[in-house]
Amino acid sequence: MFKRVIQSLSKSLSRQPATPTPPKPAPAAKTVEAAPAKPQPQAAAPAAKATKSQTPEEICGITPKMSKEQIRDELKILYRRFNRAASSLDAKTRAEAELMLDAIVTVREKHLGSI
Amino acid sequence: MAEYVGIDLGTTLSGLAHLKPDGNPEIVPNADGERLTPSVVYFDAHEDVKLVGSAARDGGDPERTIFQIKRHMDDPEHVVKIDGKDWTPSEISALILAKLRRDCSRIVGDINEVVITVPANFNELARKCTIAAAEMAGMKVRRLVNEPTAAAVYYAHTQGVQGRVLVFDLGGGTLDVTILEVAGDQIRILTSEGARHLGGSNFDELLLDAYDDQYRKQVSAPLFNDERQRRRSLQAAEDAKKMLSKLQRVSDTIGNDTSGLARIDLSRDQFESLIKKMITRSLMLVEQALDSAKLRQSDIDHVVLVGGSTRIPKVKTMLEKFFGKQPKSCGNVDECVALGAALFAKKSARIQEVCNASYGTLAMVYNAATKEEKLMNSIVIPKNTPIPTSRTQLYQTSEDNERVIEVDITQGEDTDPKYVDVIGRITLEVPPNRPKGCEVAVTFSYDENQRVRALVVDKQSGRSREVALSYKGAGVLSDEELRRRSSHLKAMRIE
């Protein structure tokens, strides 16, 4: 069913079309080494970018039509993702994760009741 | 010589315990007569001495005092500059461990081998740095063990419980939630979930903001203008937090030399309101742990509290409401991790632990059913796999005449590459003039100390490469630096 083709991050990035400010490719390494400042691939992540003008619901991708159970399930997925990202080796990812976690908790308290 | 020794290298407090001949663990006090040593280091400007513990925490220049270095163990670039010299988190942790070792050796004899506890959510780098710190302090690490696992071992030993136990470990810097199963004298960890920067010191900072707000309203000036004043105010906030666990209301008088004094009034309700979001985050971590173990609240037989911040009444009521049963305290919540680590040193063969994170590589995954192709984090060892373990996944090369195969090593369970860490890369040269689609086997091994090794094998040529991960950064010592600084530390005066 699945075919898995090995790809390094630098190879994947080099295949993407050029953008005005492309992320730096990972340094070429002859041996295993850490990559603390990880370049960010252009991955689809609808709820990943928090901006000041967005409400917590918009940041979390919560729509007015969603039921409480759907909101709960969506928040669980987001919490798992961003709680893990809060321990990322990349400082930018960590900072983004903290903003997301704040939005997740705000939405939960508003729609599912506070503890 | 002390045979079974456990050390809790905590964010705010550290402790050492050993196993007595009767099989029960006990805390060994430091040379200052304290059962727990504040994890604080002071670099004196006049004498060549490093103060560790209460003396470092309670006095001296805050610019030369290092608090909570454990929070930076996973940051490869973090260094502390003192008198023009860079100190890595490992070195500063080594000073704390050296103080524990030297002081406690006077009571229990030589300490050469230890079990050290780490938060369940510590990543590969932070674990490596902890082992390096112990080596610099002159101790061999028999095993690293997750803090909630150690606490659970102690709880099971003292209470004789059986069944499924959820350990809620809210310490000074992190929250860990672990679910385990106790059957006879066997312990099986089912899952461990952690939240970084969710602990008592976060509550202290929120209270400090409340102090500052009240002070500004009364005096029309900030509560603190420099680090020394901020530290004093933070200590006052921490004291107030502890009182609010026992009282409904506290009053305090606080101030500074320039703007005078002000009276601060705080109620428990106000404090609980301040930390509400943190409490919600902690409950979401509990729910995540239950989901990971595919369990419901009713499947948990015992809820066990560990860590100083579980003294906060709101934490207990939140857990009681969620589980419908009263959580139990793990004896002394500040000491049980060190005590459990000493027990673990002897009982480790009877404790089955799991992999704390998923490890994998990046791959274009083609789904034949949907005809979709996507760059994904392809997991080789899933989180919560019993350890030690070794797993292999087959991949294919993507291009004709590919001369070098590059394999990124990822840490994290998300399938989206944006939300995992690339913690290393293996490059393997292969023969020329081969078509794409050649098979490559990637094997990851995860040992009992939660360290990762990776092996890449090109199936056609038989060429392979195996490596343990190594990290680079200003805050990470090379093996040579580690040896050099170890000998330097041996000669250092640490009080």
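Each chain gets a letter, A, B and so on, in the order the sequences are listed, and its residues count up from 1.
At a threshold of 4.0 Å, the pair Arg281(B)-Glu98(A) counts as salt-bridged, since one of the basic side-chain nitrogens sits closer than that to a carboxylate oxygen. A salt bridge does not link Asp90(A) with Lys418(B): every distance from a Lys NZ or Arg NE/NH1/NH2 to an Asp or Glu carboxylate oxygen is 4.0 Å or more.
Residues of residues 62-72 of chain A lying under 4.5 angstrom from chain B, judged on non-hydrogen atoms, are Arg72(A) by number. Inspection of non-hydrogen atoms places Leu101(A), Asp102(A), Ile104(A), Val105(A), Thr106(A), Arg108(A), Glu109(A) of residues 101-110 of chain A under 4.5 Å from chain B.
Of the listed residues (Leu125(B), Leu283(B), Asp75(B)), the greatest number of heavy-atom pairs within a distance under 4.5 Å of chain A belongs to Leu283(B). With respect to chain A, the highest number of heavy-atom pairs below 4.5 Å among Asn123(B), Val440(B), Val407(B), Asp408(B) belongs to Asp408(B). With chain A as the partner, the residue from Tyr395(B), Phe122(B), Phe322(B) showing the most heavy-atom pairs under 4.5 Å is Tyr395(B). Between chain A and the residues Met318(B), Lys321(B), Gln393(B), the largest count of heavy-atom pairs under 4.5 Å involves Gln393(B).
In this structure, the side chain of Asp414(B) does not engage the main chain of Arg81(A) through any donor-acceptor pair within 3.5 Å. Listed for the Tyr419(B) side chain is no donor-acceptor partner under 3.5 Å among the backbone atoms of Thr93(A). Panel note: side chain Asn83(A), backbone Gly194(B); a donor-acceptor pair is recorded below 3.5 Å.
Applying the side chain to side chain contact (heavy atoms under 4.5 Å, CB included) criterion to Asn384(B), with sequence neighbours excluded, gives Thr191(B), Ser292(B), Val354(B). Under the rule for a salt bridge (Lys or Arg N to Asp or Glu O under 4.0 Å), the partners of Lys76(A) that lie at least two apart in sequence or sit in another chain are Asp291(B).
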